[in-house]
Structure formats: structure tokens, C-alpha cells
Number of protein chains: 2
Amino acid sequence: MPANLERAEALYEAVNQLIRVHQFRDRDYICSHDVSVAQCYALETLVKRGPLRLQALADEMYLDKSTTSRVVDSLLRKEYVLKLLDPADQRAIQLSLTPAGEALYHTIHQDLIMEEASLIKDLSPEVIDGTLTLIQQLTKAARARLGS
Amino acid sequence: MPANLERAEALYEAVNQLIRVHQFRDRDYICSHDVSVAQCYALETLVKRGPLRLQALADEMYLDKSTTSRVVDSLLRKEYVLKLLDPADQRAIQLSLTPAGEALYHTIHQDLIMEEASLIKDLSPEVIDGTLTLIQQLTKAARARLGS
DNA sequence: TAATTTATGTTGTTAGTAACAACTATAATA
DNA sequence: TATTATAGTTGTTACTAACAACATAAATTA
């Protein structure tokens, strides 16, 4: 079915373009707030998934524990994250956000959402909702393949 | 209008997730083909925008010329790209693809599109087309902000 | 024409992204 | 008790990417 293939190509190109502009915008914005993109992603994950061990945080972020360890380390130096020792397991640490870390994430998040809102302000709610559904389906399908 | 803000938030989250899974998938696939993501992007740009000077390639990729210079350098060492001197301007170089570079890009591109096709095979053409339109509008709007 | 300015690419430096392997220390299992 | 597995850190390597400084060549101006 050639029509499907053409749609696939068009969608692939479109998503690629979207990824690029989104990334540029987000990187510039995030980096103007004392944290890098990866650091901000770690803050986000801790906001959403609560206190986590390092390995669990790495799993959520699809990153190696060594990479995650260093990202966390820089957040620690900036005092956006706390390391609490687990009394039940001397090896483990519980990572949680400081109030400053939580506040910083919310500031960045809010502003990025305002940006997004101004981007879609002229689009019809129906189209937006349809797109939302498809993007979620695409993501789900793509994620299913990540494991295999 | 709170409804719009909620939509913006949902869309922002969805796009973020999409970006992450797309990136993982693409990176794994591209890196199994002897080139890095940035190198592949340079190949793509040269395929689509034809022979370019280094500064022009950098502009197309929204990268600094120094970054681009090094990306091109690695493609040169792998013989996927040619540097031709411009007789009219001794400073300038014209970058073009070797047949191997062009072939490599098409191989990667084709396979990534097949992936995308299998992701959307169960979705209705109407929804896909609607999404395509919105993603393109989003991209256009976001790109317009990049300059300012 | 000579001097200054601008444009093209490269190289030095720095910081962030990210994986794999090796390592220490602790916990769990045999 | 000895072995194996788990949690996190550190060493190493490669990629991504910007800014500054530089050499060279072209264009402009005086």
C-alpha cells in the first residue's frame, strides 16, 4: 500500500522537524535557568514519580545508571536534590527534590506550557484533541518497540 | 481560558514523550550504521538542499559553523562527503555527497520510514492527515519564534 | 592603491550527553 | 561461610555543541 508509505514518510519528516524546533526552544529556555536539559528531565521525573532510588530514576529516564549518577551529582551540587540513605539497605539512596528543585521545575514547566499555549491559540480544539490522541498512540507504539 | 491551557499542557507532555521515544529509536538505528545522529542529519541536509558551503550547511542545521566543521570532518574521513574548492572564492568550499554517502542516507531513511509505517498501520488516514497538518503548523509557529 | 573591514573555515577550549567497563561496598543466596 | 547479585561511583571514550581566537581571502573604504 503505497499511500500508507507516503503518509508514513510525511509523518516521519514532520515529527523530525517538530523534534528539532522543540529541542532548540526547550534547550535555550532550560539552559537560561541554571540547569541542563538532562538535569531538568531528572527534576521532572522526580516531580512526577516521587522519591526514587538512582537505578529506578535511571530506568524511568531510559538512561544508564552511570549517566544518571552524574546528572544527579550536578543537581546535588546545585542543591536541587537530596540524597537520603536507606536505613534498611546501606547501599541504596533515596533521591528527592529540595523545595528549590521543585520550585525551579515548576517555573520552567509553566513557562514552556505558556509557550505551547500561545502556539496553539489559533487552532481548533477538535484538531488539537485528535492530534493529542494520535501522538499518544504513536508514542505508545514506539515505546513498545523499545523493549524488544 | 483554562481549557486552552490544559490542552497546551497535555500537548506539551505528549510531544515531549514522542520526542524521547523517537530519539531513542532513531539514535540506536542510526548508530548501527557507521554514523552518528548529527552526521546523519548532515547527510540528510545535503541530500535535500544539494551541494552547500559549510556556513550554509550550518545555517540549515541551526548549528554553529565550528560544530558543523567537525561533523563534516568526520563524514569526510569516512568518505561520505566531498570538499570541492570554489575557484571563484579561495576561502569557500562546496560540500557534496559521495555515492556512498547518498546511498547510506537512503538506506537509513528507508528503514526508519518502514518503522514509522508499521507504527501507523492501524490508524485511520483521516486522523493521520489531521495530525500531520497540526504538527506542521506547530513546527512552523515554533520555528518563527526561533529567530526572535 | 593601501588600509580596514568583513566573510569563510579551522582549531582551542569548555561543558553537556551518554554508554560500557571496572570497582567498592553491601545484601542475598547457596 | 563462600559465592553471587545488587547499588552506586569512577575511569574512559565518543558525540553534541557553543564561544573565542585564529589564518586566510575577499570586499570596502579612504
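The figures here come from the full heavy-atom set of this structure, side chains too, leaving out hydrogens, waters and symmetry mates. Reminder, nothing fancy here: chain letters follow the sequence lines and each chain counts from 1.
- OP1 or OP2 of dT10(C) lies within a sub-4.0 Å distance of a side-chain N or O belonging to Lys83(B).
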What pairs of nitrogen or oxygen atoms, one from the protein and one from nucleotides 16-20 of chain C, lie under 3.5 Å apart?
| unit_1 | atom_1 | unit_2 | atom_2 | d |
| --- | --- | --- | --- | --- |
| dT17(C) | OP1 | Ser36(A) | OG | 3.2 |
| dT17(C) | OP1 | Val37(A) | N | 3.1 |
| dT17(C) | OP1 | Ala38(A) | N | 2.9 |
| dT17(C) | OP2 | Ser36(A) | OG | 2.7 |
| dA19(C) | OP2 | Asp64(A) | N | 3.0 |
| dA19(C) | OP2 | Thr67(A) | OG1 | 3.3 |
| dA19(C) | N7 | Thr67(A) | OG1 | 3.2 |
| dA19(C) | N6 | Arg70(A) | NH2 | 3.3 |
| dC20(C) | N4 | Ser66(A) | OG | 2.7 |

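- Atom-to-atom, CG of Asp86(B) to C1' of dG9(C) comes out at 13 Å; the value is rounded to the nearest Å.
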- Task: Starting from the C-alpha separation in whole Å, work towards a yes-or-no answer on side chain to side chain contact (heavy atoms under 4.5 Å, CB included) for Val81(A) and Leu97(A).
- Result: CA-CA 4 Å; Val81(A) 153; Leu97(A) 294 170; 4.0 Å; yes
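- Within residues 50-60 of chain B, no residue places a heavy atom under 4.0 Å from DNA chain D.
- Here dA14(D) presents its C1' atom at 16 Å from CD1 of Ile30(B), a figure rounded to the nearest Å.
- You'll find a donor-acceptor pair under 3.5 Å spanning the side chain of Arg91(A) and the base of dT6(D), going by distance alone.
- Going from atom CG of Asp89(B) over to atom C1' of dG9(C) covers 11 Å, rounded to whole Å.
- The interatomic distance linking Leu76(A) (CG) with dT9(D) (P) rounds to 9 Å, in whole Å.
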- Task: Report the C-alpha distance between Tyr12(A) and Asp26(B) in whole Å, list the side-chain angles of each, state the deciding distance to 0.1 Å, and finish with yes or no for side chain to side chain contact (heavy atoms under 4.5 Å, CB included).
- Result: CA-CA 11 Å; Tyr12(A) 178 76; Asp26(B) 291 4; 3.5 Å; yes
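- Side-chain N or O atoms of Ser69(A) include none that pairs as donor or acceptor with a backbone N or O of Lys65(A) at under 3.5 Å.
- Applying side-chain contact (heavy atoms from CB on, under 4.5 Å) to Leu52(A) and the options Leu57(A), Ile93(A), Asp59(A) leaves one that passes, Leu57(A).
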- Message: Between Glu115(A) and Tyr29(A), is the side chain to side chain contact (heavy atoms under 4.5 Å, CB included) condition met? List the steps.
- Response: CA-CA 10 Å; Glu115(A) 265 294 308; Tyr29(A) 189 75; over 6 Å; no
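- Ring geometry for Tyr62(A) against Phe24(B) counts as tilted: the plane angle lies between 30° and 60°, on a 0 to 90° scale.
- Distance, Gln90(A) CD to dA28(C) P: 11 Å, rounded to whole Å.
- In this entry the distance linking CG of Asp28(B) with P of dC15(D) reads 15 Å, nearest Å.
- In this structure, Ala92(A) and Asp73(A) both approach DNA chain D, and ranking their closest nucleotides by distance from the 5' end singles out Ala92(A).
- Nucleotide dG9(C) holds its P atom 10 Å from the CG atom of Leu85(B), rounded to whole Å.
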- From CA spacing to verdict: side chain to side chain contact (heavy atoms under 4.5 Å, CB included), His22(A), Leu138(B): CA-CA 9 Å; His22(A) 243 259; Leu138(B) 272 184; 5.7 Å; no
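- Residues Gln39(A) and Asp34(A) share a closest heavy-atom pair of OE1-O, 4.2 Å.
- Counting heavy atoms from C-beta on, the side chains of Leu95(A) and Val72(A) come closer than 4.5 Å.
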